[in-house]
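Letters A, B, ... mirror the listed sequences (proteins, then strands); counts begin at 1.
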Amino acid sequence: MPEVTRRAFVKLGALSSFGLLLGIAAAKSAENGRGTIRLQRLIRIGNDGQITLFAQNPEMGQGVKTSLPMIIAEELDVDWSDIAVEQAPWDSNIENQFSGGSLSIRLNYLAMRQAGASAREMLLQAAADRWQLPKSELRASHGDVRHAASGKNASYGDLADAAATLPVPDDPPLKPEADFRLIGKSTKDVDLVRMITGAQQYSQDIKVPNMLYAVVKHSPYSDGRPVSFDSDAASKLGGVIGFEMLRNDRHGGRIVLPNSPNFVSGVAVIAENTWAAMNGAQLLEVEWDEPDPLQDSHQLMQQFTDALKSDGMTIREDGDVKRTAAASKTGIDVTYQVPFLAHVPMEPMSCTVDASSDRIVVWAATQNPGLLAATLAEVLDVNKESITIHVLRAGGAFGRRFYADYSVDAALLSRKLGQPVKVIWTREDDLRHDYFRPASLHRIKATVDDKGRIASWQQKMASHSRRPFLGRSGSPAEIDGYDFPAGFVPHLHYEYAHVPARIPVGQWRAVDFSNNVFVAASVIDELAHACGNDPLVFLQRLIGDQPFVQVREDFQLDTSRLLRVARKAADKAGWGEPLPNGHGRGIAASYNQGAWVAEVAEVAVLEEVLEIKRIVAAVDCGLVINPTSAEAQVQGGIIEGISAALMGEITVMNGIVQQSNFNDYRICTMRQAPPIDVHFIKSNAEPRGLGEPPLPPVAPAICNAIFAASGKRIRQLPLNNHFSVS
Amino acid sequence: MIRFRLNGKNHEFTGDEDSPLLWVIRESVGLTGTRYGCGAGLCGACTVHLDGKAQRSCVLPVKGVDGRSVTTIEGLSADASHPVQRAWIELDVPQCGFCQSGQIMAAAALLERLQTPSDKEIDAEHTNLCRCGTYPRIRKAIHRAAGIIAEERDDA
């Protein structure tokens with residue numbers, strides 16, 4: 001048994017896998033003696049002076065390929081212009097190597113700092129050893145270690161060999177935040193120039209030797225399999241090589257994992273180029289077996305209506321809602337309805353897999369490489385360790401690429417054909433075989449007392465739930481006991497009715513906050529108007545003036561931060577200042593997915609035409625790592641929320657998704673995008689994420705503004721069913 | 001055989017003449033900066049310049065460029081120096097970046113036609129889709145690029 005030194009076997013603690021990785025990395029580099037330090041696969045300092053930082057998490061436009069390395073660079077104390085950044089491939093030793101839940105910075109901020117700090121300490125120690133000087137007299141900054149008194153100086157590159165042999169510190173001192181030079185400074189995206197010149201590579205651009213191209217004619221149903229096919233016309237096309245039927249008959253068509261969608265069966269057209277494959281797929285005649293029953297979203301909504309007539313599963317019950325409601329003079333009884341929503345990232349699904357040998361190689365835009373590896377391990381019946389994943393920049397994801405379904409076709413085809421295969425999905429396929437934000441129906445009976453406070457809130461929600469559909473454990477409920485205004489209303493009852501269906505559903509951006517914040521913030525606004533209060537005043541009264549509220553045993557909401565963003569958004573939007581006829585403002589505030597966001601929408605409703613004039617957002621995400629990227633995230637989340645509110649609707653009839661492309665599943669255009677003013681609360685608090693939090697408040701802010709502008713209350717999205725929005 | 005100029009060089013294409021120009025550019029020529037977003041001329045990610053005008057290449061069969069001149073994002077400049085590219089860099093426009101080749105090509109063509117477009121003109125003319133929501137920065141960058149072009153014209 002080899003001697004296990006302290007550096008190779010660091011005791012597992014709070015940052016356990018981080019500590020272990022440092023150990024492995026240091027031991028390995030000592031073995032190969034090549035003068036590189038690599039810590040947790042994040043930092044490489046060559047003895048030629050080249051410093052490379054590895055971006056741990058997948059990049060999908062949220063800027064973490066830039067911001068996570070910025071944090072390392074800050075502690076390592078190198079100039080940003082002196083380093084290169086590369087995307088880390090999938091590494092099962094890297095903890096939290098996924099992009100989702102607005103968690104990239106939140107989960108990894110400290111780990112990135114410690115990686116940079118550890119490397120810095122090792123470099124200092126190497127210099128101290130070389131110069132026989134106390135480490136405390138040395139300073140590491142701008143890529144050099146200096147001894148001020150004597151003027152001795154060595155670059156990190158000079159010291160790399162020696163530093164690589166040193167033990168990795170367990171708990172390196174971190175830079176005081178007051179000394180930050182890079183964190184908090186707007187830093188342009190590391191791939192900016194590539195994205196501007198067309199040089200940036202995306203999944204659909206991959207080309208490897210001996211690669212075949214494939215386009216799959218997928219079942220028009222989410223379930224349903226090919227029975228037979230006629231390739232007469234398709235086989236006559238130049239460039240078409242062959243056809244393969246793809247049916248996953250295992251596990252009843254499911255890949256059984258958590259977060260595992262259905263495998264959509266189909267017939268693949270194999271070709272020498274994408275156009276031949278696409279054209280071939282068009283010309284292919286396939287007989288499908290029809291699933292039974294055929295899914296229908298209108299019928300499902302009717303089932304939701306029926307489900308709300310009986311008692312649901314109690315999610316939370318405080319006080320006595322029925323007695324309080326009976327005793328109240330002012331109240332509302334309203335029903336809210338939201339549709340299925342599609343992800344439609346700009347880049348349709350695609351994946352390249354080489355399963356022709358024992359080493360499986362994958363080129364994929366993925367939010368979750370670990371899940372991708374687990375999925376392909378199951379599908380190909382191999383160990384995860386035999387899978388290499390090159391993580392590519394994603395042309396948008398928004399939750400769609402958290403699953404690995406789009407990789408399965410390529411994996412199976414490559415295994416069968418013995419060559420690398422690139423599968424590209426058409427836009428129609430990408431839309432039709434998406435995993436939708438679930439539709440839901442909500443009935444709320446709420447009352448206010450004579451002091452303008454919400455006295456009772458009874459909410460019943462019916463939906464087709466994600467977790468059972470995806471095979472995930474946990475409650476099926478799409479509403480949680482901590483969802484606002486729970487904890488703020490003394491008599492409150494949340495009930496949930498799970499109506500199973502086979503329309504594919506999954507995590508959309510902001511997940512269930514995308515529907516529940518719309519409902520709650522709209523109802524709060526309705527209650528404000530019901531008792532003749534200004535909605536901002538009513539909202540502030542509801543939030544209250546304690547510093548925090550213990551919403552649930554396991555969840556404490558810092559309400560002062562919620563109040564602060566509400567006030568700031570209102571202030572910056574000129575809340576209360578007069579507006580022309582037909583114009584109105586609405587406000588919504590939410591703590592969701594880790595950050596506090598308030599938005600004021602200003603709209604104009606003239607006859608049947610709706611125009612969004614402006615959105616003002618106030619955001620508290622703690623310490624802002626990269627301001628330019630943070631602002632972009634807020635604008636982007638708001639615009640996606642506007643798309644959904646104005647036009648987002650997926651319908652299913654006779655088992656088939658009715659929408660097909662951007663002509664009938666429309667997304668926001670330049671013309672529809674209003675000016676968006678973003679204001680960050682200056683803060684040194686723990687940094688939070690921004691991928692999702694800005695999205696949920698915009699729909700209710702808009703609908704509240706519509707009411708203020710026109711007296712029309714919208715309780716059913718999308719808005720283009722009520723107004724002209726283009 | 002289809003003969004056309006691409007980024008200043010002569011090309012010959014002997015495959016299926018009905019292949020969309022997009023796929024000829026991406027796979028026959030091998031320039032992948034022009035992107036597939038919808039295949040139906042709806043999103044603009046495939047925008048190139050055809051004889052100097054913006055053209056969505058996914059809906060144009062390659063036989064339609066016989067004898068004509070095509071410019072892709074790779075040919076807009078040798079080194080990201082086109083005023084639109086410089087404005088895009090200055091204002092840090094892209095998020096995921098996938099639609100940006102098309103956005104830049106569309107903006108460059110727009111500025112050839114309208115030297116200083118107003119916001120209303122940008123709304124009406126610039127119809128490329130962006131899912132990440134970079135529109136506020138695209139708008140600013142179009143104005144900025146118009147400014148750069150005007151500055152350089154005045155300096156010349």
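Neither the backbone nor the side chain of Asp430(A) comes within contact range of chain B; no heavy atom of the residue lies under 4.5 Å from a heavy atom of that chain. Residue Leu129(B) touches chain A through both its backbone and its side chain, counting heavy-atom pairs closer than 4.5 Å. Contacts between Ala394(A) and chain B at a heavy-atom distance below 4.5 Å involve the backbone alone (N, CA, C, O).
In Lys188(A), the NZ atom is crowded: over 12 heavy atoms of neighbouring residues, nucleotides or ligands sit closer than 6.0 Å.
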- Task: Go through the steps to decide whether His143(B) and Asp119(B) satisfy the test side chain to side chain donor-acceptor pair (under 3.5 Å), and finish with yes or no.
- Result: CA-CA 9 Å; His143(B) 289 308; Asp119(B) 278 337; 2.7 Å; yes
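Salt-bridge annotation for Arg671(A) and Glu611(A): absent, with no side-chain N of the basic residue lying under 4.0 Å from a carboxylate O of the acidic one. Residues Lys63(B) and Asp66(B) are not paired through a salt bridge, judged by the lack of any N-O separation under 4.0 Å between the basic side chain and the carboxylate. Between Glu121(B) and Arg113(B) there is no salt bridge, since no side-chain N of the basic residue sits under 4.0 Å from a carboxylate O of the acidic one.
Considering only heavy-atom pairs separated by less than 4.5 Å from chain B, the leading option among Gln633(A), His343(A), Gln672(A), Lys65(A) is His343(A). Highest contact tally toward chain A, considering only Cys96(B), Ala80(B), Ala124(B), is held by Cys96(B) [criterion: heavy-atom pairs under 4.5 Å]. Counting heavy-atom pairs under 4.5 Å between each of Ala397(A), Pro675(A), Pro348(A), Ala673(A) and chain B puts Pro348(A) at the top. Comparing Met670(A), Arg427(A), Glu59(A) by how many heavy-atom pairs each has under 4.5 Å with chain B, the most go to Met670(A). In terms of heavy-atom pairs under 4.5 angstrom with chain B, the leader among Ile424(A), Ile196(A), Ile639(A), Val344(A) is Ile196(A). Note on Ile642(A), Asn273(A), Asp191(A), Ile638(A): by heavy-atom pairs under 4.5 Å with chain B, the leading option is Asn273(A). No other option in Met278(A), Glu428(A), Gln62(A) has as many heavy-atom pairs under 4.5 Å with chain B as Met278(A).
Taking both residues in full, the closest heavy atoms of Phe4(B) and Val65(B) are given as CB-O, 3.2 Å, listed atom of the first, atom of the second, then distance.
Residues Thr66(A) and Ser629(A) fail the side-chain proximity criterion, which asks for heavy atoms closer than 4.5 Å. Between Gln100(B) and Gln95(B), every side-chain heavy-atom pair lies at or beyond the 4.5 Å cut-off.
Put simply, NE2 on His82(B) and CE on Met105(B) are 8.0 Å apart, with the number rounded to the nearest 0.5 Å.
Under 3.5 Å, the side chains of Glu640(A) and Ser643(A) contain no donor-acceptor pair of N or O atoms. There is no side-chain donor-acceptor pair under 3.5 Å between Ser350(A) and Gln204(A). In this structure, a donor-acceptor pair under 3.5 Å is absent between the side chains of Thr134(B) and Gln103(B).
Arg437(A) places no side-chain N or O within donor-acceptor distance of the main-chain N or O of Arg509(A), the cut-off being under 3.5 Å. A donor-acceptor pair under 3.5 Å links the side-chain atoms of Ser67(A) to the main chain of Gly63(A), judged by distance alone.
Residues of residues 6-27 of chain B that come closer than 4.5 Å to chain A, counting heavy atoms only, are Asp16(B), Asp18(B), Ser19(B), Pro20(B), Trp23(B), Arg26(B), Glu27(B), ordered by residue number. For a heavy-atom cut-off of 4.5 Å, chain A lies close to Thr32(B), Gly33(B), Arg35(B), Tyr36(B), Gly37(B), Cys38(B), Ala40(B), Leu42(B), Cys43(B) in residues 28-57 of chain B.
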